[in-house]
Q: 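Please find one structure pasted underneath; my questions will follow.
Chain letters run A, B, ... following the sequence lines, proteins first and then strands; every chain starts at 1.
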Number of protein chains: 2
Amino acid sequence: MAKTDTSSPEELMKLDNFLCFAIYSANHAFTRVYKPLLDELDLTYPQYLVMVVLWEKDDQTVGSLGERLFLESSTLTPMLKRLEAMGYISRVRDRADERQVRVCLTETGLTLKEKASAVPRGIIEATGMEPAEIGRLKQEVAALRTLLLR
Amino acid sequence: MAKTDTSSPEELMKLDNFLCFAIYSANHAFTRVYKPLLDELDLTYPQYLVMVVLWEKDDQTVGSLGERLFLESSTLTPMLKRLEAMGYISRVRDRADERQVRVCLTETGLTLKEKASAVPRGIIEATGMEPAEIGRLKQEVAALRTLLLR
DNA sequence: TTGATTTATATCGTGCTCGATTTAATAGCA
DNA sequence: TGCTATTAAATCGAGCACGATATAAATCAA
């Protein structure tokens with residue numbers, strides 16, 4: 001197969017040559033694949049990511065969750081309130097530093113992890129890719145993110 | 001460097017092993033890099049994508065734009081109304097088939113292409129990656145999207 | 001031709017996302 | 001101590017994204 005020239009101004013302006021669009025549309029595709037799996041847990045995809053972070057390490061501040069997920073407090077605060085209303089987490093002001101809010105799993109939120117344990121395999125199957133290949137691509141995209149955020 | 005085992009249930013549930021999260025966060029990173037460049041054009045990133053599609057091929061229906069961008073009419077309709085209000089496009093019901101809306105570039109919208117011509121290079125520079133590598137990664141991510149949407 | 005079905009777009013409600021700003025608490029310093 | 005600066009989270013407004021539904025036009029079938 002011949003290489004496509006992607007250096008001319010005209011070629012540079014084509015949607016199909018945009019790495020950003022590949023990422024953007026793959027992200028939407030992932031969300032759609034997750035939807036039926038997460039409906040079982042009553043979670044949206046971003047809410048699921050928050051739960052994953054808390055399952056890894058409980059009792060975190062809004063700020064540390066935001067650092068981990070690359071999200072602002074203006075995004076997290078309403079999301080966390082919804083998760084709290086659902087009974088999956090608790091939000092409590094830190095005694096020692098009242099500026100911070102400590103986010104913790106509830107019993108229900110902790111238990112949910114078992115129910116969620118089938119999700120990752122479901123996603124891997126949906127890609128139909130080999131775990132090793134998934135891992136490699138993940139590394140490359142994560143590296144790209146790092147470059148973009150410099 | 002030793003390979004990381006990513007097959008155990010515990011490892012599968014870690015955020016840093018999620019391809020979807022790499023994609024999700026890289027997408028946000030792209031949006032942030034685009035922001036200052038697109039502010040010059042008074043466009044958001046999704047609006048820019050619509051304009052790119054129209055610059056490639058003018059006079060398209062809402063449906064064809066949606067197919068190209070993987071977006072629903074419920075997303076596009078309000079976006080197109082904003083682009084229309086800005087004077088970049090026009091929306092006219094098709095004479096022959098009144099169900100369809102034909103989206104066309106205005107003079108201003110067409111002219112904007114020149115002003116936008118610097119954007120792709122700016123993004124490529126922001127990644128700091130070689131064009132060939134960008135192209136390869138783009139292909140892989142686009143292939144992933146295709147797999148997910150099967 | 002009429003009635004049912006399909007198609008194209010729009011509308012509505014919910015939730016995510018950000019930037020700018022606000023509020024409140026802590027830390028630093030004269 | 002008391003004033004200022006910084007920090008953490010929350011609030012607000014704008015825009016994106018989807019699923020479910022509505023509306024209206026075109027197509028199909030009897």
Q: What pair of heavy atoms forms the shortest contact from Lys138(B) to Phe18(A), and how long is it?
A: CG-O, 3.6 Å
Q: Starting at the 5' end of DNA chain D, which residue's closest nucleotide do you reach first, Arg102(A) or Thr31(A)?
A: Arg102(A)
Q: Of the candidate nucleotides dT11(C), dC18(C), dA17(D), which contains the atom at the shortest distance from the side chain of Leu71(B)?
A: dA17(D)
Q: Phosphate oxygens OP1/OP2 of dA17(D): is one of them under 4.0 Å from a side-chain N or O of Thr75(B)?
A: no
Q: How many whole angstroms separate atom CG of Leu76(A) from atom P of dA8(D)?
A: 14 Å
Q: Without decimals, in angstroms, what is the distance between Leu38(B) CG and dA14(D) C1'?
A: 16 Å
Q: By nearest nucleotide on DNA chain D, pick out whichever of Arg32(A) and Pro78(A) is the more 5' one.
A: Pro78(A)
Q: With a 3.5 Å cut-off and heavy atoms only, can you find an N or O donor on one side and an acceptor on the other between the side chain of Ser73(B) and the base of dA8(C)?
A: no
Q: So does Arg99(B) reach the base of dT9(C) with its side chain, donor to acceptor, closer than 3.5 Å?
A: no
Q: Is Asp16(B) salt-bridged to Arg68(A), cutoff N-O under 4.0 Å?
A: yes
Q: Give a yes/no on whether any side-chain N or O of Arg93(B) is located under 4.0 angstrom from OP1 or OP2 of dT9(C).
A: no
Q: How many Å lie between CG on Asp39(A) and C1' on dG19(D), as a whole number?
A: 10 Å
Q: So, is Lys81(B) near the phosphate of dT11(C), with a side-chain N or O under 4.0 Å from OP1 or OP2?
A: yes
Q: Under 4.0 Å between a side-chain N or O of Ser74(B) and OP1 or OP2 of dA17(D)?
A: no
Q: Salt bridge or not between Glu11(B) and Lys14(B)? Use side-chain N to carboxylate O under 4.0 Å.
A: yes
Q: How many Å lie between CG on Leu83(A) and P on dG15(C), as a whole number?
A: 11 Å
Q: Of Ala96(A) and Met79(A), whose nearest nucleotide on DNA chain C comes first from the 5' end?
A: Met79(A)
Q: Would Tyr24(B) and Phe30(A) count as a close aromatic pair, with their ring centres under 6.0 Å?
A: no
Q: Please give me every residue in residues 44-70 of chain A whose heavy atoms get under 4.0 Å of an atom in DNA chain C, ordered by residue number.
A: Thr44(A), Pro46(A), Gln47(A), Phe70(A)
Q: If you only use heavy atoms from C-beta on, which nucleotide in dA17(D), dT26(C), dT11(D) is closest to the side chain of His28(A)?
A: dA17(D)
Q: Is it the case that atom CZ in Arg150(A) sees more than 12 heavy atoms from other parts of the structure closer than 6.0 Å?
A: yes
Q: Under a 3.5 Å distance rule, please check whether Glu140(B) uses its side chain to pair with a backbone N or O of Leu137(A) as donor and acceptor.
A: no
Q: Counting only heavy atoms not in Arg136(A), do more than 12 fall under 6.0 Å of its CZ?
A: yes
Q: Of the options dC18(D), dC18(C), dT7(C), whose atoms approach the side-chain atoms of Glu72(A) most closely?
A: dC18(C)
Q: Can you tell me the distance, in whole Å, between the CG atom of Leu80(B) and the P atom of dA8(C)?
A: 16 Å
Q: Between atom CG in Leu43(A) and atom P in dT14(C), what is the gap in whole Å?
A: 18 Å
Q: Looking at Glu10(B), I want to see if its CD is surrounded by more than 12 non-hydrogen atoms of other residues, nucleotides or ligands under 6.0 Å.
A: no
Q: In whole Å, I'd like the distance from the CG atom of Asp94(A) to the P atom of dA24(C).
A: 18 Å
Q: What is the separation between atom NZ on Lys35(A) and atom C1' on dA20(D), rounded to the nearest whole Å?
A: 11 Å
